[in-house]
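Notes for the one structure printed next.
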Amino acid sequence: MKWSLPLTVEVGGKAYKINADYRDVLDIISRIEDKTTDELIKGYVCLALFYPDFDEMPEWAYQEAIDQMFWFISCGEEQDDTKGPKLIDWEQDYMLIVSDINKVAGHDVRSDSFCHWWTFISYFMGIEEGQLSSVVSIREKLRKGKKLEKWEREYYKKNRSKVDFKRKYTPEEEEFIKQITGR
């Protein structure tokens, strides 16, 4: 299986088609990271996005379906349960990621009608030096309280909005901010 690009996964002894395009998976990841949505609703939405025939899946198979979805998202690699610090935000870092992935791929992957998630991640893993690696390096140093090099300080000063993670507000917080600021 390691040398192939799966378009189905087995759940409850049956092969189910999956939406394997990188855009579909990034949409699922975005929804998983959404702190404003109820976990149960989030689970159903993610399963429905991942499995085109989710409505045909028996309810008793949902846990296995979730496990298979995460197996696919992790490119078939075993994941340990230790969660490291967040250094990349797929939405915020979008332009940096796209730029560097396109460099690795040799073309603009957004113009592809289909790019398998595992292929997209292999491009991502091939990213070498560039803006994304600079931003990630600065984030890591700031997180650890390490001193930035002169060029890093200058970059951070000019590109703080790229380096600092943007705060995401819940709908209730957004409403409160609107009331306070009049926006």
Side-chain angles (χ1 to χ4, degrees), residues 1-10 15-34 45-54 65-80 82-144 146 148-166 168:
M1 190 72 155
K2 288 184 189 260
W3 295 103
S4 63
L5 297 173
L7 298 173
T8 63
V9 294
E10 191 173 306
Y16 284 90
K17 283 177 48 177
I18 58 173
N19 288 317
D21 186 71
Y22 79 95
R23 290 164 279 242
D24 296 318
V25 177
L26 288 173
D27 186 20
I28 291 167
I29 290 170
S30 173
R31 291 168 191 270
I32 289 169
E33 292 178 349
D34 178 7
V45 169
C46 289
L47 288 173
L49 289 171
F50 188 65
Y51 297 99
D53 301 324
F54 175 62
I66 289 169
D67 294 343
Q68 287 291 73
M69 179 179 67
F70 282 117
W71 171 85
F72 181 81
I73 290 172
S74 65
C75 299
E77 297 287 320
E78 281 296 317
Q79 298 295 307
D80 60 16
T82 57
K83 192 172 181 181
K86 180 177 178 173
L87 295 174
I88 290 179
D89 182 299
W90 289 101
E91 289 180 42
Q92 180 176 326
D93 298 332
Y94 164 77
M95 287 307 294
L96 300 172
I97 294 168
V98 166
S99 173
D100 283 349
I101 282 180
N102 289 344
K103 216 181 315 177
V104 172
H107 70 284
D108 192 333
V109 295
R110 295 171 297 179
S111 65
D112 295 345
S113 60
F114 177 83
C115 179
H116 195 280
W117 171 247
W118 291 12
T119 301
F120 181 82
I121 290 299
S122 69
Y123 291 149
F124 181 80
M125 299 300 280
I127 293 173
E128 294 179 358
E129 298 221 4
Q131 277 203 65
L132 180 63
S133 64
S134 295
V135 166
V136 170
S137 175
I138 291 168
R139 284 177 182 159
E140 178 68 3
K141 283 184 173 182
L142 290 171
R143 184 186 71 77
K144 289 183 172 181
K146 289 187 175 181
L148 298 178
E149 304 280 333
K150 182 180 179 191
W151 75 268
E152 291 171 320
R153 283 191 308 275
E154 289 172 9
Y155 184 91
Y156 183 52
K157 194 174 178 181
K158 290 179 185 172
N159 298 284
R160 195 174 195 119
S161 65
K162 285 183 185 177
V163 177
D164 293 341
F165 287 120
K166 291 171 181 52
K168 296 178 183 173

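We count residues from 1, following the sequence as given.
Under a 3.5 Å cut-off, the side chain of Asp27 and the backbone N or O of Arg23 do not form any donor-acceptor pair. Side-chain N or O atoms of Arg153 include one that pairs as donor or acceptor with a backbone N or O of Leu148 at under 3.5 Å. Between the Ser137 side chain and the Ser134 main chain, no donor and acceptor come within less than 3.5 Å of each other. In this structure a side-chain-to-backbone donor-acceptor pair under 3.5 Å is missing from Glu10 to Tyr16. Formation of a donor-acceptor pair under 3.5 Å by the Trp117 side chain with backbone atoms of Ile73 is found in this model. Here the side chain of His116 pairs a donor or acceptor atom with the backbone of Pro6 at under 3.5 angstrom. Side-chain atoms of Asp100 do not come within 3.5 Å of backbone N or O of Gly130 as any donor-acceptor pair. Panel note: side chain Glu154, backbone Trp151; no donor-acceptor pair is recorded below 3.5 Å. Within the 3.5 Å criterion, the main-chain N or O of Asp24 finds no donor-acceptor partner in the side chain of Asn19.
The side-chain heavy atoms of Ile18 and Thr8, taken from C-beta on, include no pair separated by under 4.5 Å. With a 4.5 Å cut-off on side-chain heavy atoms, Val135 and Tyr155 count as touching. At a threshold of 4.5 Å between non-hydrogen side-chain atoms, the residues Leu49 and Arg31 count as touching. A heavy-atom distance below 4.5 Å is found between the side chains of Glu91 and Ser30.
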(request) Give the intermediate values and the outcome of side-chain hydrogen bond (donor to acceptor under 3.5 Å, both in side chains) for residues Tyr94 and Asp89. (result) CA-CA 8 Å; Tyr94 164 77; Asp89 182 299; over 6 Å; no
(request) Evaluate the side chain to side chain contact (heavy atoms under 4.5 Å, CB included) criterion for residues Val104 and Met125: first the C-alpha distance (whole Å), next the side-chain angles of each, then the deciding distance (0.1 Å), finally the verdict. (result) CA-CA 9 Å; Val104 172; Met125 299 300 280; over 6 Å; no
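In the displayed structure, Lys166 atom NZ is contacted under 6.0 Å by more than 12 heavy atoms of other residues, nucleotides or ligands. Within a 6.0 Å radius of NZ in Lys157, other residues, nucleotides and ligands contribute 12 heavy atoms or fewer.
A distance of 9.0 Å separates OH in Tyr156 from CD1 in Ile138, rounded to the nearest 0.5 Å. Between the CD atom of Gln131 and the CG atom of Asn159 there is a distance of 6.5 Å, given to the nearest 0.5 Å. Within the model, atoms CH2 of Trp90 and OH of Tyr22 stand 11.0 Å from one another, a figure rounded to the nearest 0.5 Å. The line from CE of Met69 to SG of Cys46 is 5.0 Å long, rounded to the nearest 0.5 Å.
Geometrically, Lys17 does not engage Tyr51 in a cation-pi contact, judged by NZ or CZ lying under 6.0 Å from the ring centre and within 45° of the ring axis.
Between Asp93 and Arg139, at least one side-chain N (NZ, or NE/NH1/NH2) sits under 4.0 Å from a carboxylate O, which counts as a salt bridge. We find that Arg143 and Glu140 are joined by a salt bridge, their nearest charged nitrogen and carboxylate oxygen being less than 4.0 Å apart.
Here Trp71 and Trp118 bring their ring centres to under 6.0 angstrom of each other. Under the 6.0 Å cut-off for aromatic ring centres, Phe72 and Phe50 qualify, their centroids lying closer than that.
Nearest heavy atoms, Arg110 versus Met95: NH1-SD, 4.5 Å.
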